[in-house]
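To keep things clear, I will list the structure first and then write my remarks on it.
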2 protein chains.
Amino acid sequence: MATDELLTRALELIGDDPVSVEAIHRLTDTAVTAESMTIAEVADLLDITAHTLRYYEREGLVEVGRDSLGHRVYDAAAVRRLVFLTRMRLSGMPMRDLQHYISLVDEGDGTVPERLDMLIEHRDTIRRRIRELTLSLAATEFKIATYGGTAAPDSMD
Amino acid sequence: MATDELLTRALELIGDDPVSVEAIHRLTDTAVTAESMTIAEVADLLDITAHTLRYYEREGLVEVGRDSLGHRVYDAAAVRRLVFLTRMRLSGMPMRDLQHYISLVDEGDGTVPERLDMLIEHRDTIRRRIRELTLSLAATEFKIATYGGTAAPDSMD
DNA sequence: GTTTGCGTTCGAGCGCGCTCGAAGCCATAG
DNA sequence: CTATGGCTTCGAGCGCGCTCGAACGCAAAC
């Protein structure tokens with residue numbers, strides 16, 4: 001399947017950062033899915049605050065059930081959606097777009113093409129951003145390499 | 001506009017090979033440096049608004065002279081600094097840090113080590129960000145590839 | 001000589017994404 | 001029996017980076 005292929009590629013691109021390994025774990029989506037989690041557990045899993053989780057719910061990104069005490073109960077589906085949402089947020093997708101995307105999901109299968117369009121556009125946005133950052137990285141590395149050196153050109157500040 | 005152009009040219013120079021940073025630097029240096037520019041020209045060059053340029057000046061990031069009419073006159077040094085500043089902004093360095101960096105520049109050569117530290121830290125930040133984005137990109141590509149397919153895993157939404 | 005257009009200063013406002021504080025409920029620990 | 005701690009709702013506030021509008025100045029074009 002394409003899964004192994006993509007995973008391998010991702011691993012190659014990522015390198016040896018420990019954070020990335022954890023993130024890869026999230027990528028596979030088979031991560032700690034305890035069938036039902038508290039807000040604190042989800043917050044910890046996604047490395048966001050409980051405040052933010054409540055905010056996402058308020059903004060209509062995810063529906064969360066309550067237990068007998070009125071406490072939030074995150075089921076597997078909610079957690080999966082939140083994994084997706086946080087990844088999209090992390091890669092720069094605005095709340096607005098995420099809200100639109102989720103509304104499409106709620107409308108059913110008929111909206112799959114439009115959802116795909118959104119994902120493709122977002123993919124392209126990420127690619128552009130990576131290119132930008134790669135360029136800035138190169139410029140920054142150059143500046144570090146030449147800073148104070150005899151070869152330092154005139155743009156040193 | 002002009003920035004995109006610059007970016008594209010630079011990316012062409014870079015290609016897939018080991019980044020030829022010198023070429024980038026030459027590119028930025030030999031870029032339209034008309035010895036003295038108006039705010040509109042600089043805004044166009046950097047692809048930011050005149051408002052933003054005035055804002056940067058207000059925030060102490062750059063000093064700009066005036067002509068007999070009180071209009072801003074950007075000399076080559078100011079433009080070079082602004083090229084640097086916009087690149088740093090584009091790669092995510094906060095205004096605060098930029099303000100600190102510039103204050104170090106104004107303090108003289110004694111602050112070179114600290115400036116280098118800042119650049120190195122920023123370089124690492126960019127690298128981390130690129131890793132993050134690379135991961136999100138892989139995840140997004142995976143989702144696109146499997147969306148609606150029979151092999152769709154459980155994270156479909 | 002008025003209009004167009006680009007510039008100036010100043011201060012206020014905005015959009016985004018959280019982030020927080022207050023007041024209260026409930027359950028378990030000491 | 002109280003205290004602690006984690007949860008709830010609600011609404012307000014904040015930090016960042018612009019972004020804009022108002023009121024004005026000057027000069028070249030018509």
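So you know, we letter chains A, B, ... as the sequences are listed, proteins then strands, and number each from 1.
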Going by the rule salt bridge (Lys or Arg N to Asp or Glu O under 4.0 Å), which residues pair with [X] if we only count those two or more places apart in sequence or in a different chain?
X	value
A:Asp117	none
B:Asp75	none
A:Arg66	A:Glu57

What is the distance, rounded to the nearest whole Å, between atom [atom1] of [X] and atom [atom2] of [N]?
X	N	atom1	atom2	value
A:Tyr74	D:dG6	OH	C1'	14 Å
A:Arg72	D:dC10	CZ	C1'	12 Å
B:Ile39	C:dC6	CD1	P	13 Å
A:Met37	D:dG6	CE	C1'	16 Å
B:Leu82	D:dC18	CG	P	12 Å
B:Arg89	D:dT19	CZ	C1'	14 Å

Aromatic ring pairing A:Phe84/A:Tyr101, orientation class (parallel under 30°, perpendicular over 60°, tilted between): tilted
Check every atom of [options] against the side chain of [X] and return the nucleotide holding the closest atom.
X	options	answer
A:His71	D:dG17, D:dG6, C:dG7	D:dG6
A:His51	D:dC7, D:dG17, C:dT19	C:dT19
A:Pro94	D:dT8, C:dG17, C:dT8	C:dG17

For A:Glu59, check side chain to side chain donor-acceptor pair (under 3.5 Å) against everything at least two apart and list the hits. A:Gln99
Tell me which of B:Gly92 and A:Thr38 sits closer to the 5' end of DNA chain D, going by the nucleotide each one is nearest to.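 Closer to the 5' end of DNA chain D: A:Thr38.
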Can you pull out the residues from residues 52-69 of chain A that lie within a 4.0 Å heavy-atom distance of DNA chain C?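 The stretch gives A:Thr52, A:Tyr55, A:Tyr56, A:Arg58, A:Leu69 as the residues lying under 4.0 Å from the strand, ordered by number.
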Cluster membership besides A:Leu133, Ile/Leu/Val/Met/Phe/Trp/Tyr side chains within less than 4.5 angstrom, sorted by chain and number, is A:Ile126, A:Ile130, A:Leu137, B:Ile126, B:Ile130, B:Leu133, B:Leu137
Would you mind classifying the nucleic acid contact of B:Ala50 as base, sugar-phosphate or nothing, using non-hydrogen atoms under 4.0 angstrom? nothing
State whether A:Arg72 and A:Glu41 are salt-bridged, where the test is any N-O pair (Lys NZ or Arg NE/NH1/NH2 against Asp/Glu carboxylate O) under 4.0 Å. no
